[in-house]
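Worksheet: the structure to be examined is printed underneath.
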Amino acid sequence: MNLEEMIAEIEALGKTCNCGNNHNHISIETMFIGIDAFAKCSSFLLEKKFKRVLLVADQNTYVEAGEKLGQALRELNFEYSVCIVEPNKIGDVVADEVSIVQALLKIDNNIDALLAIGSGTIHDITRFCSAKTGKPFISIPTAASVDGFTSLGAPLIVRGVKKTFQTVSPIALFADINVLMNAPKEMTAAGFGDMLAKYTSLADWNFGRFIADEPFCPLAASLTKEALENCVDKVDKIAVGDEEGVRILLASLIQSGLAMLLFGQSHPASGGEHHLSHYWEMEFLQKKRHQVLHGAKVGVSSVLLANLYHAWFASGELLPIALNDRSEKIAEIIATIPKSEQIAALLKRVGGPTFPKELNIDEELVERSLKEAHLLRERFTMLKCYNIKLSQ
């Protein structure tokens, strides 16, 4: 199944899903992964009758992909301008107010569309600007590193606090396979880590709907689970980092993003492990420490939570509401999460980190985040339930 067939099938399934939630229309017109992605992107811009576009990138992604895309645009005499998002004082490019304003200042009435050339951070900045200005945006991934390319959510740092804003999805996606294969290996490992995080996010989502009656969509859950299983089944190919492995990983990340887009929220792919990751990111910003790749953080935090959730349930120290008639169902939910050593072994296969200390996250920060990270989101995860028990 190609990517456009994937969209059509998800759209069709969405119309038959009777979960009771509103399913978003997937407005992505085309998606392509291949060697001539930039030429296809240029042709798409002409088909849309756009006159001028803005390329949003950082210094590295502009060198790796922006210049090549610019050449393809020049060959068609297509006008474009460039916004190179500048790093902060310690050299990190982050999706905060300063970066957003820098991009917004480059957008004028002559710009017809925005092109996000990069990975998660550049996409978050661009999609937020797209939503605020009404200019459509196109996704140009430069690494198979995150699942947010096709989703609605834009996690941004506002006054030092990580907040996710519901914005817009891209109208198209074009990924050059050579650019993806040449991306740093740690970014591919981060993408795999972002997929493995679905073990805990899906369990948290099932737990939240069972204990707290949170909104749930079995279709979005099954799409996410399928994408996760595809990655795990093909871990050896992903670890090699050749064309087939990178295609499998990016397609899985895209499918996870489409599940979030369909549901309209990040529940399918973001649970307690993402809350820990956001907490660590905020701490690093406050302490002016270099940021760590998102997928690396959520991969490590999934190992932590797999251990915590299994141990917590085995101890019998659940909330009174979850005892007796509910414990059997909760056991089924927790059984869907592999043991922490299994998740760690998968991460190692692709060369990813497995312990917080590998990310320079010390034990004190880990312990504090396990007690406080659940406060970042109004979501009834097992991490939140665990902390309610601790406070009683």
Side-chain angles (χ1 to χ4, degrees), residues 1-11 25-58 60-84 103 106-119 122-123 125-127 129-131 133-145 148-151 168-183 243-244 246-251 253-255 257-258 261:
M1 181 190 303
N2 64 35
L3 295 175
E4 292 179 2
E5 289 173 345
M6 180 193 294
I7 292 176
E9 181 173 321
I10 292 173
E11 280 272 86
H25 168 61
I26 298 176
S27 57
I28 302 173
E29 298 175 29
T30 185
M31 294 192 291
F32 177 81
I33 307 172
I35 58 173
D36 54 349
F38 298 143
K40 288 189 176 295
C41 177
S42 302
S43 297
F44 176 77
L45 296 175
L46 288 177
E47 291 170 11
K48 297 293 292 183
K49 300 189 183 326
F50 293 151
K51 301 296 184 183
R52 186 179 183 88
V53 296
L54 175 67
L55 312 187
V56 183
D58 62 35
N60 292 330
T61 61
Y62 188 72
V63 170
E64 294 301 321
E67 291 179 347
K68 298 180 181 71
L69 177 56
Q71 181 179 349
L73 293 173
R74 289 193 298 273
E75 288 174 359
L76 295 177
N77 295 316
F78 199 94
E79 293 186 21
Y80 68 92
S81 52
V82 178
C83 173
I84 304 295
K106 287 280 189 175
I107 303 171
D108 57 35
N109 292 334
N110 295 321
I111 298 295
D112 295 316
L114 315 177
L115 275 63
I117 305 171
S119 56
I122 292 297
H123 274 71
I125 294 167
T126 307
R127 79 172 70 249
C129 293
S130 173
T133 63
K135 311 283 187 181
F137 94 95
I138 295 168
S139 169
I140 313 289
T142 55
S145 56
F149 298 121
T150 54
S151 65
V168 293
S169 61
I171 61 170
L173 178 148
F174 299 95
D176 184 279
I177 192 65
N178 290 320
V179 170
L180 298 177
M181 290 169 59
N182 289 327
E243 180 174 339
E244 183 180 4
V246 170
R247 280 182 180 273
I248 290 167
L249 178 56
L250 183 58
L253 291 164
I254 286 171
Q255 182 166 321
L258 291 176
L261 172 56

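The distance from atom CG of L180 to atom CD1 of I33, rounded to the nearest 0.5 Å, is 7.0 Å. The structure places OG of S151 at 11.5 Å from CD1 of I254, a figure rounded to the nearest 0.5 Å. Separating the CD1 atom in I117 from the CG atom in N60 is a distance of 13.0 Å, to the nearest 0.5 Å. Going from atom CZ of F149 over to atom CD1 of I122 covers 11.5 Å, rounded to the nearest 0.5 Å. In this structure, CG on L54 lies 11.5 Å from OH on Y80, to the nearest 0.5 angstrom.
The two residues S130 and V168 make their nearest non-hydrogen contact at OG-CG2, 3.4 Å. M31 and T150 make their closest contact through SD-CG2, 4.1 Å (heavy atoms, listed as atom of the first residue, atom of the second, distance). Heavy-atom minimum distance, L253 versus S145: CD1-N, 3.9 Å. Of all heavy-atom pairs between L258 and M6, the closest is CD1-SD, 3.6 Å. Between M181 and V246, the shortest heavy-atom distance links the atoms CG-CG2, 4.1 Å.
For the side chain to side chain contact (heavy atoms under 4.5 Å, CB included) test, residues two or more places apart in sequence or in another chain that qualify with K135 are I107, L114, T133. For E243, the salt bridge (charged side-chain N to carboxylate O under 4.0 Å, His left out) partners at least two apart in sequence or on another chain are R247. With sequence neighbours excluded, the residues that form a side-chain hydrogen bond (donor to acceptor under 3.5 Å, both in side chains) with T30 are E4. Taking D108 as the reference, N110, I111 meet the side chain to side chain contact (heavy atoms under 4.5 Å, CB included) condition, with sequence neighbours excluded. With sequence neighbours left out, F32 forms a ring pair (Phe, Tyr, Trp, His ring centres under 6.0 Å) with no residue at all. In this structure, the side-chain hydrogen bond (donor to acceptor under 3.5 Å, both in side chains) partners of S139, at least two apart in sequence or on a different chain, are H123.
With a 4.5 Å cut-off on side-chain heavy atoms, L3 and I28 do not count as touching. Within the 4.5 Å cutoff, side-chain heavy atoms of L73 are placed close to those of L55. Here the side chains of I138 and V53 are not in contact, with every heavy-atom distance at 4.5 Å or above.
In this structure a side-chain-to-backbone donor-acceptor pair under 3.5 Å is present from E5 to N2.
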Sequence neighbours left out, cut at 3.5 Å: what donor-acceptor pairs do the side chains of residues 169-178 make with other protein atoms?
{"unit_1": "D176", "atom_1": "OD1", "unit_2": "N178", "atom_2": "N", "d": "3.0"}
{"unit_1": "D176", "atom_1": "OD1", "unit_2": "V179", "atom_2": "N", "d": "2.9"}

Using a 3.5 Å cut-off and no angle test, enumerate the donor-acceptor pairs between side-chain atoms of residues 35-51 and protein atoms at least two apart in sequence or in another chain.
{"unit_1": "S42", "atom_1": "OG", "unit_2": "F38", "atom_2": "O", "d": "3.0"}
{"unit_1": "S43", "atom_1": "OG", "unit_2": "A39", "atom_2": "O", "d": "3.2"}
{"unit_1": "K48", "atom_1": "NZ", "unit_2": "E29", "atom_2": "OE1", "d": "3.2"}
{"unit_1": "K48", "atom_1": "NZ", "unit_2": "E29", "atom_2": "OE2", "d": "2.8"}

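Sorted by first then second residue, the salt bridge (Lys or Arg N to Asp or Glu O under 4.0 Å) pairs that include residues 62-84, not counting sequence neighbours, are R52-E79.
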